[in-house]
Amino acid sequence: MDMRRSTPCSRCRQRFMAKSVTKGADVECPSCKPNYLPIPADEQYSSSQQQQYGLRSRMRCFYSQIRGKVHQSTVTPSLNPDPSAFNSMKIRSSKRAVLCGITYNNLKQYRLKGTINDVRNMRDLLINNFGYPGHFIRVLTEEESDPRFIPTRKNIEDSLRWLVSDSRQGDSLVFFYSGHGLRQPDFNNDEDDGFDETICPVDFQEAGMIVDNDLNTLIVRPLTPGVTLHAIVDACHSGTILDLPKVYMSKEKKWVNSSPPSGAEKRTNGGLAISIGACLDHQAAADTSAFTAGKMNGALTYILAEILKKLPGPTYGDLFDLINETLDNVNQSSCLANTRFLRRLFNSNFSQTPLLSSSAEFDVYKKHLFL
């Protein structure tokens with residue numbers, strides 16, 4: 001607001017002084033149109049009292065306008081431009097995505113600062129670099145006003161069902177998650193290390209966490225031939241978050257078998273599922289301001305997006321080589337972990353190693369990544 005235009009000009013002040021002695025007169029200033037501030041016509045007010053009353057009224061109106069504009073300016077625009085497209089069976093796209101970023105505003109001690117930036121960064125990448133229609137990217141954050149897009153457990157699971165529903169040959173699907181990840185004991189003999197990996201919805205304390213078994217059932221098993229899913233999970237303990245049977249060890253340059261000891265089926269229905277986890281299952285992932293001064297981002301998300309913007313369609317092998325090289329450089333500069341808590345927890349030797357897993361092996365230096 002232009003503060004100068006909110007103050008009556010000298011001519012209007014003169015008009016105010018002249019009219020203030022008239023009972024019941026209205027005072028109008030061009031800078032305040034179309035607001036008309038009535039001066040009370042009560043006999044008990046003197047002209048000086050009427051002037052004072054009118055000025056108080058004008059100031060109340062002025063501050064009311066300021067408060068209204070400040071309130072309007074704090075409303076965050078939705079990142080879901082056309083929610084009706086999500087439920088329409090007549091409209092479909094061969095490119096669909098679910099992006100979930102959770103800040104945990106209800107848990108002050110566990111609040112994350114970079115997740116919303118991660119979602120915006122990934123959404124811009126999909127639209128501008130990979131041709132995803134904005135109205136087929138479903139975004140779940142705590143900033144959304146529509147309750148359907150708050151990242152509760154139910155909403156996340158419903159969104160993942162929407163993502164894979166009616167998928168056909170040639171479809172490309174993306175699930176992106178930025179938030180907390182945890183581990184819990186595995187009682188199904190599905191994990192070599194004895195732990196299930198999980199993601200934490202905003203209501204996980206009441207509704208529970210979403211475990212890797214659930215994610216596999218929701219978005220891996222339904223994939224039919226010709227459908228490709230990429231899951232990018234920027235969270236702690238996210239290495240094998242989809243429970244895919246093949247894991248690529250980038251340092252050893254080889255695939256290893258990660259099938260469950262129980263023999264449970266974790267494969268797709270003929271499609272291809274590829275997961276990029278921010279770190280190994282026993283590691284933590286960081287939010288950091290190392291890349292953009294004063295602005296927090298998930299380390300994996302920021303590096304991945306920057307590489308794909310500058311080097312479209314890299315091979316998976318080249319992509320992971322570049323990610324690991326960048327993380328090593330940043331870690332050596334001692335600015336990756338953004339909190340003293342992480343430094344204490346990991347004895348100042350904090351590091352994360354992103355992990356690639358897949359429903360089927362492929363040559364990582366020949367296959368190119370196209371989301």
> Hey, mind stepping through Ser238 and Glu197 against side chain to side chain donor-acceptor pair (under 3.5 Å) and telling me if it holds?
Replying inline: CA-CA 7 Å; Ser238 55; Glu197 287 67 49; over 6 Å; no

>> Evaluate Asp171 against Lys95 for salt bridge (charged side-chain N to carboxylate O under 4.0 Å, His left out), listing each step before the verdict.
In response: CA-CA 6 Å; Asp171 284 1; Lys95 294 187 174 184; over 6 Å; no

>> Before you tell me yes or no, could you show the steps for Asp318 and Thr315 under side chain to side chain donor-acceptor pair (under 3.5 Å), namely the whole-Å CA-CA distance, both residues' side-chain angles and the distance that decides it to 0.1 Å?
In response: CA-CA 5 Å; Asp318 290 335; Thr315 66; 3.0 Å; yes

> Can you check side chain to side chain donor-acceptor pair (under 3.5 Å) on Asn324 and Ser250, steps first, answer last?
Replying inline: CA-CA 9 Å; Asn324 288 321; Ser250 55; 3.3 Å; yes

> Step by step, would you call Glu143 with Arg120 a salt bridge (charged side-chain N to carboxylate O under 4.0 Å, His left out)?
Replying inline: CA-CA 12 Å; Glu143 293 187 349; Arg120 293 192 179 118; 3.0 Å; yes

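Paired with Arg153 under the rule salt bridge (Lys or Arg N to Asp or Glu O under 4.0 Å), one option of Asp214, Asp203, Asp158 passes, and it is Asp214.
Side-chain heavy atoms closer than 4.5 Å link hydrophobic residues (I, L, V, M, F, W, Y) into clusters, and following such links, possibly through other members, connects Leu311 to Ile274. No continuous path of ILVMFWY side-chain contacts below 4.5 Å connects Leu355 to Leu229, so the two sit in separate hydrophobic clusters. Under the 4.5 Å side-chain heavy-atom criterion for grouping Ile, Leu, Val, Met, Phe, Trp and Tyr, Leu218 is connected to Val164 within one hydrophobic cluster. The hydrophobic cluster containing Leu79 does not contain Ile116, counting ILVMFWY residues as joined when their side-chain heavy atoms lie under 4.5 angstrom apart, directly or transitively. Taking hydrophobic clusters as Ile, Leu, Val, Met, Phe, Trp and Tyr residues chained together by side-chain heavy-atom distances below 4.5 Å, Tyr365 shares a cluster with Leu356.
Taken from CG in Leu112 to OG in Ser178, the straight-line distance is 7.0 Å, to the nearest 0.5 Å. Interatomic distance, NE2 of His230 versus CG of Leu126, reported as 11.0 Å (0.5 Å rounding). Going from atom CE of Met296 over to atom OH of Tyr302 covers 13.0 Å, rounded to the nearest 0.5 Å. Taking CG of Asn121 as the reference point, atom CZ of Arg123 lies at 12.5 Å (rounded to 0.5 Å). The distance from atom CG of Leu244 to atom CG of Leu242, rounded to the nearest 0.5 Å, is 5.0 Å. The structure places CD of Gln205 at 7.0 Å from CG of Asn106, a figure rounded to the nearest 0.5 Å.
Ring-plane geometry between Tyr110 and His180 is classed as perpendicular, the angle between the planes exceeding 60 degrees on a 0 to 90 degree scale with a lower cut at 30. Relative ring orientation between Phe204 and Tyr104 is described as perpendicular, the plane-to-plane angle rising above 60° on a 0-90° scale split at 30° and 60°.
Geometric assessment of Arg183 against the ring of Phe195 yields a positive cation-pi assignment under the 6.0 Å and 45° thresholds. Cation-pi contact between Lys367 and Tyr316: absent, since separation from the ring centre below 6.0 Å together with deviation from the ring axis within 45° is not met.
Side chain to side chain, Tyr248 and Lys253 fail the donor-acceptor criterion of an N or O pair below 3.5 Å. Under the 3.5 Å distance criterion, with hydrogens and angles disregarded, a donor-acceptor pair is assigned to the side chains of Ser259 and Asn257. Using a 3.5 Å distance cut-off with no hydrogens or angles, the side chains of Lys266 and Asn213 do pair a donor with an acceptor. Thr224 and Asn269 form no side-chain donor-acceptor contact under 3.5 Å, judged by distance and modelled atom types alone. For the residue pair Asp118/Tyr177, the side-chain donor-acceptor check at 3.5 Å is not satisfied. The closest side-chain donor-acceptor pair between Arg138 and Ser159 falls under 3.5 angstrom.
Remark: side-chain polar atoms of Asp281 are paired, donor with acceptor, to backbone N or O of Thr240 under 3.5 angstrom. No donor-acceptor distance shorter than 3.5 angstrom exists from the side chain of Trp162 to the backbone of Val98, with no hydrogens or angles considered. Put simply, the side chain of Gln283 gets close to the backbone of Leu280: a donor and an acceptor are under 3.5 Å apart. Looking only at distances, no side-chain donor or acceptor of Asp190 sits under 3.5 Å from a matching main-chain atom of Ser262.
With respect to Glu142 and Arg111, no salt bridge is recorded, no charged nitrogen being found less than 4.0 Å from a carboxylate O.
The nearest pair of heavy atoms linking Val247 to Ser357 is CG2-CB, 4.0 Å.
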